[in-house]
Amino acid sequence: MVDFSKIEKKWQKRWEQKKVFKVKENNKKKFYVLEMFPYPSGSGLHMGHAFNYTIGDIYSRFKRMMGFNVLYPMGYDSFGLPAENAAILAKEHPKKFTENSIKNFIRQQKELGLSYDWDRLLMTHTPEYYKWNQYFFLKFLENGLVYKSKASVNWCSKCDTVLANEQVHNGKCWRHKDTDVETKQLEQWFIKTTKYADELLKDIEKLQWSERIKIMQENWIGKSYGTEIEFEIFEDVKDKEFVFLHAYGDSSKDAFWLWLRKEIENKGGRVSFSPDLPNTNNPQYKEQSEFVLNNYNFNENSIVIGHSLGNILMMKLLSSGRIKIGKLIMVAPPLPTKERIISGKAFIDNKPRPALSNYCDWKFDFNKIKENVRQIFILVDKNDHIVPINQPMEIANKLEAQIITAMGNKTHYNGEKEEEVLNLLFRKWKIFTTRPDTLFGVTFMVISAQHPRLHEIVTKEQKKEVDNFLRKIKSTKKEDIEKLDKEGVFTGSYALHPLTNQKIPVYAGNFVIAEYGSGMVMAVPAHDQRDFEFAKKYNLKIVNVIEPVYSQDTEPGKIVDGLPFDHRDAIIAIVKHWSEEKYIGLKWKKVVWGTFITGGIEKNQTPEEAAKIEIEEETGYLNPKLIKDFGRVHGRFYHVPKKINRFAHAHVLYFELQNSKQKNISEAEKEIHEIKWLNLKELEKFLTPTTHKHALRMLNCTQEAYVDEGILTNSEKFNGLNSEEAKIKITKELENKKIGKLTVNYKLRDWLISRQRYWGTPIPIIYCDSCGIIPVQEKDLPVKLPDKVKFGKGNPLTTNKKFLNVKCPRCKKNAKRETDTMDTFFDSSWYFLRYCDNKNNKKPFDTMKTNYWMPVDQYIGGAEHACMHLIYARFFTKALRNMGYVNIDEPFIKLFNQGMLHGEDGFVMSKSRGNVVLPEAVSKEYGIDTARLFLISGAAPDKDMEWSSKGIDGSLRFVRRLIDYVSNVKMGKTSRKVESKLNKTIKDVTQDIEEFKYNLAIIKIRDLFDSLENEISKKDLEKFLKLIHPFCPHITEELWEKIGNKKFLSLEKWPEYDESKIDIKFEQAEKSFNNLVSDITNVINVMKEKQGKEFSKVYVYSLPNEVNNYNSKELSIKVNKDVIVYSVSDKNKYDPENKSKKAKPGKPAIFLE
RNA sequence: GCGGGAGUGCCGGAGCGGUCAAACGGGUACGGCUAAGGACCGUAUGGCUUAGUGCCUACGCAGGUUCGAGUCCUGUCUCCCGCACCA
């Protein structure tokens, strides 16, 4: 019948030839519609893709017709792992593979009739594009937004590469839901996204995005306010042997680090102090070593702090295996390279030091040293004017020692007091807490077991145990760790409580996140569930510092608003039976209350005394024995008998009756309450006030921490404050002591961009042995990805020597390239800017052009990128703004998240599931316009939608009827009725499309179509076609041409509506018409069923002013009978039963015959 | 655990506090048009009732606000999604 594919081809060709959708910057108002560009998968497009693109295409076509200069581009996110993996499988080069896929994609997208400006095509795998990735990387580097760092990173063994934090979902790789992410310690490139954490969070409110996505981003950034507190972490130095080994030159033995000696001795350590080593002007190893061995004791616990030549002596001694020690701290070691020594220019000043060559012959046995000392630290002065920094670095590498470069107060850290040296022994560790009010409840510390600096605080004694623990953790999957018990192990180190100076143990734990805060937490077992569980497991001290406060918000005793609170010290006495497991409950007679024994504390009374008196008064029992004091609980409630709001501060005391001795209770007491003996279960139901329920929980020893806020206790001068006040005051106190401050913490981490894979943008960095890490110079960009590499194990780029080996841009010596590539999210973080100026080969883009087009007015894409792409792109925009490249704060003002298309089996349509429907197939049978129509009429485009091969029939019917109608309609005049409806529909549809309510728009268009009559004016018919055009572009173009138009409908103006032509009267008329139809059929049915009568003629009697509402022809068609319409006033009407009398406004009378 | 969203006829899904037995589409049934139709057109599709009427039962469940609730509020159940030991 209709050859859809012929029509489609015809118009697609014409659009392309005439460049109908090509845009340039001009004076018109711009509108930038953007769909998240696709990854060009090898399997091509299916209906799910068609669904996504149709949503954007409709919007673009609509906006274009609305008169906007619409930028609607398409491109491909063509770097990435799948291509690499698929290419390896298919033994095809990723480039060829990718470019084939893209070709396929473009063809298929063109067949969908999408109105892209194809001249703006971009592909991220082309050097023309990724050159600018490299360029931005270098710019970020210049601006301090890039750094390289060793960190514990997420590793996916299937991807064979690291993953960014955002790419780990539920402990699994975002691509491989079945692959556990491992942690590895690796040196990687990071982008400082955290620098913009605050702005990224703050600007969320500027975005017209769905609340859902906004909240997801907020949670991801995860800002929390709290206090940073410095804890001193130290090894227990008691009875430990320290040896200070200076050696060389001019410092006197008395002046050398006396301050440090004092610090150590204060903590119980023993310090042996070396005088200058013998004969330092011509040092001989033999002489000096004998001297040291004779004078000092070394054992596996001793800590040697070496300085100057003392370091070299120690390294020699350790090489020889003659001693074994615990820790070696090398402060400012003179460690020139062998070449330098031989050349006689050991140090920066180039003065020869022949003495050194006697000794520092570089014949160290590094493995031996590692064997004989447990921990090595090297401390290097940043501004050392003698020893070049890279020399100790080399040593540190060989020894796997930690190197710290920091400026000393005096050269070589010979100042009065050197914090950096001290820190190696007694390190300061900042921790973050949101609950400084619980500071006095800290009874231990927990450092993350994954913390890269954990080993620094593990002592010799605990090393084995810690190692065992770490091994255990490593062998458990990340997924299981979350379900695992809180576990840990003592590190051997202690922390000093900043306010009480108590010594508290430091544990390594599996439940602390290494990357959040400082990776160590202060543990408050009484008020944190995790810490509580940990403390229970390892029998650690639990100190209660927060007393609960309850507010009664249910009857009885619900707080009455507005009444002031009467404070009162009180007791809650739990009294146990002398022989049974039962407790006394008081049932109140005038109120519906059930409580324990309770009462106030008078002046000069202890809580125990007060409780005993209450017990005697209220129950008569004479011999209660105090067993346990549960501390206080505070309750705000309305005291019903006394008619006041009360704030009771109650001591909870637990008594056991020694015997049944009882005196008589006064009548007055008897009237207030009665005594009940209840077991624990009964009490649960019986007790009404929340404070008493709390007391019961304490009696039950509930295995829970009290984590809410409350009133401080056991907190010295902060006792009695509520949590809110205490947080402020304790933080202030810490600030005064300079060991804490108010601070903000984010969950957001820096963005790890290194990927150990081939198919990505090479990171433009060169490693030079002499110059270190050198960025590639801008003029040398792009660093092209070489074609020839070997895939297999490890990073493919290392297999291309031509790529790998370069000359250092600075010193021209041989150097090596960085072989990691960038995360492909880097590519997609700025592609929307490149579309604005995609052919520029001088700059990433012309700012004039981005200023015109940006920001993207309408972004369309899936919600799965809420915390990945969308955060990166927002970060990029802000960073580029600060660097002067763009003038906007946010890239995407409006965001629309489309739903997913499901296959007929109910699952998301995907190739791997095998439920895909191919557009080509559908197009052949139904036409792509029909498919488009069906896709968006099923459900709102932001909801998931199920494909149905039956459902599409409905759309096909509509399209056919439409063609049929336009082909046969008589051009003439439009009736007022149709005109009214048309204008109303234009109004509604315009708004619906604007709001992406395509499904509703279609309903209204169909409704209008049903009301169209056999005659219509050309103008109105055109308006009607325009309304449908965004949904069905090919068919409408064809019909548009058919009715005699030469220009493209695609470029026509969207119809405007005329409010004055919208007449509700017509709607009412339509309604009464429909009512009439249903009335008639109703009667026909009733009569047929009831009396078996059949009628062939219908007479309708309408009020005279409404008679035009009821067209007999239309009625006849509707009810499928002959219908004759009379006006009631018509004298010649046929009305044998005088039914016309029954006619009412909007409701004509009927007679059947 | 925290956060977000949703529960409406056989199905997909519409539903400004009143005009809702519920749009539109699909399915199903019946009828018409036809040589025939899986094409097209019409009717029906909670129950009872009626010459075009009226009533009842219905929007997960239970309450509440209101003259009036599918629509607002509270609680509850179920489902979906996101984050998850974030100190």
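None of the values given here were measured: they were computed from a predicted structure. Below, chain A is the first sequence line, B the second, and so on; all start at residue 1. Quick note: numbers below take in every heavy atom, side chains included, and nothing from hydrogens, waters or symmetry partners.
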What interatomic distance, in whole Å, is found between [atom1] of [M] and the corresponding atom of [N]?
{"N": "B:U45", "M": "B:A23", "atom1": "P", "answer": "11 Å"}
{"N": "B:C24", "M": "B:C79", "atom1": "C1'", "answer": "26 Å"}
{"N": "B:G68", "M": "B:G18", "atom1": "P", "answer": "14 Å"}
{"N": "B:A44", "M": "B:A22", "atom1": "P", "answer": "11 Å"}
{"N": "B:C16", "M": "B:C85", "atom1": "C1'", "answer": "46 Å"}
{"N": "B:G42", "M": "B:U49", "atom1": "P", "answer": "30 Å"}
{"N": "B:U78", "M": "B:U28", "atom1": "C1'", "answer": "29 Å"}
{"N": "B:A84", "M": "B:C77", "atom1": "P", "answer": "26 Å"}

Report the base-pairing partner of [N] (Watson-Crick or G-U wobble, both distances below 3.5 angstrom), or none.
{"N": "B:U71", "result": "none"}
{"N": "B:A58", "result": "none"}
{"N": "B:G37", "result": "none"}
{"N": "B:U45", "result": "B:G27"}
{"N": "B:A6", "result": "B:U78"}
{"N": "B:C20", "result": "none"}

Euclidean distance, atom [atom1] of residue [X] to atom [atom2] of [N] [Å, nearest integer]:
{"X": "A:L956", "N": "B:A39", "atom1": "CG", "atom2": "C1'", "result": "10 Å"}
{"X": "A:I431", "N": "B:C86", "atom1": "CD1", "atom2": "P", "result": "14 Å"}
{"X": "A:E864", "N": "B:C81", "atom1": "CD", "atom2": "C1'", "result": "12 Å"}
{"X": "A:R960", "N": "B:G38", "atom1": "CZ", "atom2": "P", "result": "14 Å"}
{"X": "A:Q217", "N": "B:G82", "atom1": "CD", "atom2": "P", "result": "16 Å"}
{"X": "A:F1031", "N": "B:G25", "atom1": "CZ", "atom2": "P", "result": "16 Å"}
{"X": "A:M216", "N": "B:C80", "atom1": "CE", "atom2": "C1'", "result": "13 Å"}
{"X": "A:L870", "N": "B:G82", "atom1": "CG", "atom2": "P", "result": "15 Å"}

Between [X] and [N], does any side-chain N or O lie under 4.0 Å from OP1 or OP2?
{"X": "A:S224", "N": "B:A87", "answer": "yes"}
{"X": "A:Y516", "N": "B:A87", "answer": "yes"}
{"X": "A:R961", "N": "B:A39", "answer": "no"}
{"X": "A:K943", "N": "B:A14", "answer": "yes"}

Exercise for review: State yes or no: are the ring centers of A:F996 and A:Y998 separated by less than 6.0 Å?
Suggested key: yes
- request: Check whether the ring centres of A:F444 and A:F534 lie less than 6.0 Å apart, and answer yes or no.
  value: yes
Under 4.0 Å, heavy atoms only, any strand: does [X] hit a base, just the sugar-phosphate, or nothing?
{"X": "A:T433", "answer": "sugar-phosphate"}
{"X": "A:P436", "answer": "nothing"}
{"X": "A:A1149", "answer": "base"}
{"X": "A:T434", "answer": "sugar-phosphate"}
{"X": "A:V512", "answer": "base"}
{"X": "A:G954", "answer": "sugar-phosphate"}
{"X": "A:L1000", "answer": "sugar-phosphate"}
{"X": "A:I513", "answer": "base"}

Out of B:G25, B:G3, B:C86, minimum distance to the side chain of A:R1006 belongs to B:G25
Per the O4'-C1'-N9-C4 / O4'-C1'-N1-C2 angle with a 90° window around 0, B:G9 comes out syn
Per ring pair (Phe, Tyr, Trp, His ring centres under 6.0 Å), A:F934 is matched among A:F958, A:W947, A:Y926, A:F1031 by A:W947
Check your understanding: More than 12 foreign heavy atoms under 6.0 Å from CD of A:E995: is that the case here?
Key -> yes
Is it true that, when you exclude A:K537 itself, more than 12 heavy atoms of the residues, nucleotides or ligands shown sit nearer than 6.0 Å to its NZ? yes
Per nearest nucleotide of RNA chain B, the residue lying toward the 5' end, A:S937 or A:P1148, is A:S937
Comparing nearest nucleotides in RNA chain B, the 5'-proximal residue of the pair A:Y746, A:R212 is A:R212
Q.
Using only modelled atom types and a 3.5 angstrom limit, is any donor from either the side chain of A:R957 or the base of B:C41 paired with an acceptor on the other?
A. no
Does A:R530 make a side-chain donor-acceptor contact with the base of B:A87, cut-off 3.5 Å?
yes
Applying side-chain contact (heavy atoms from CB on, under 4.5 Å) to A:M868 and not counting sequence neighbours gives A:E166, A:Q167, A:H169, A:W174, A:F825, A:H865, A:Y872
Quiz prompt | NZ/NE/NH1/NH2 to OD/OE distance under 4.0 Å, A:E533 and A:R530 | solution = no
| query | Is it the case that A:S224 and A:N745 place a side-chain donor and acceptor less than 3.5 Å from each other? | reply | no
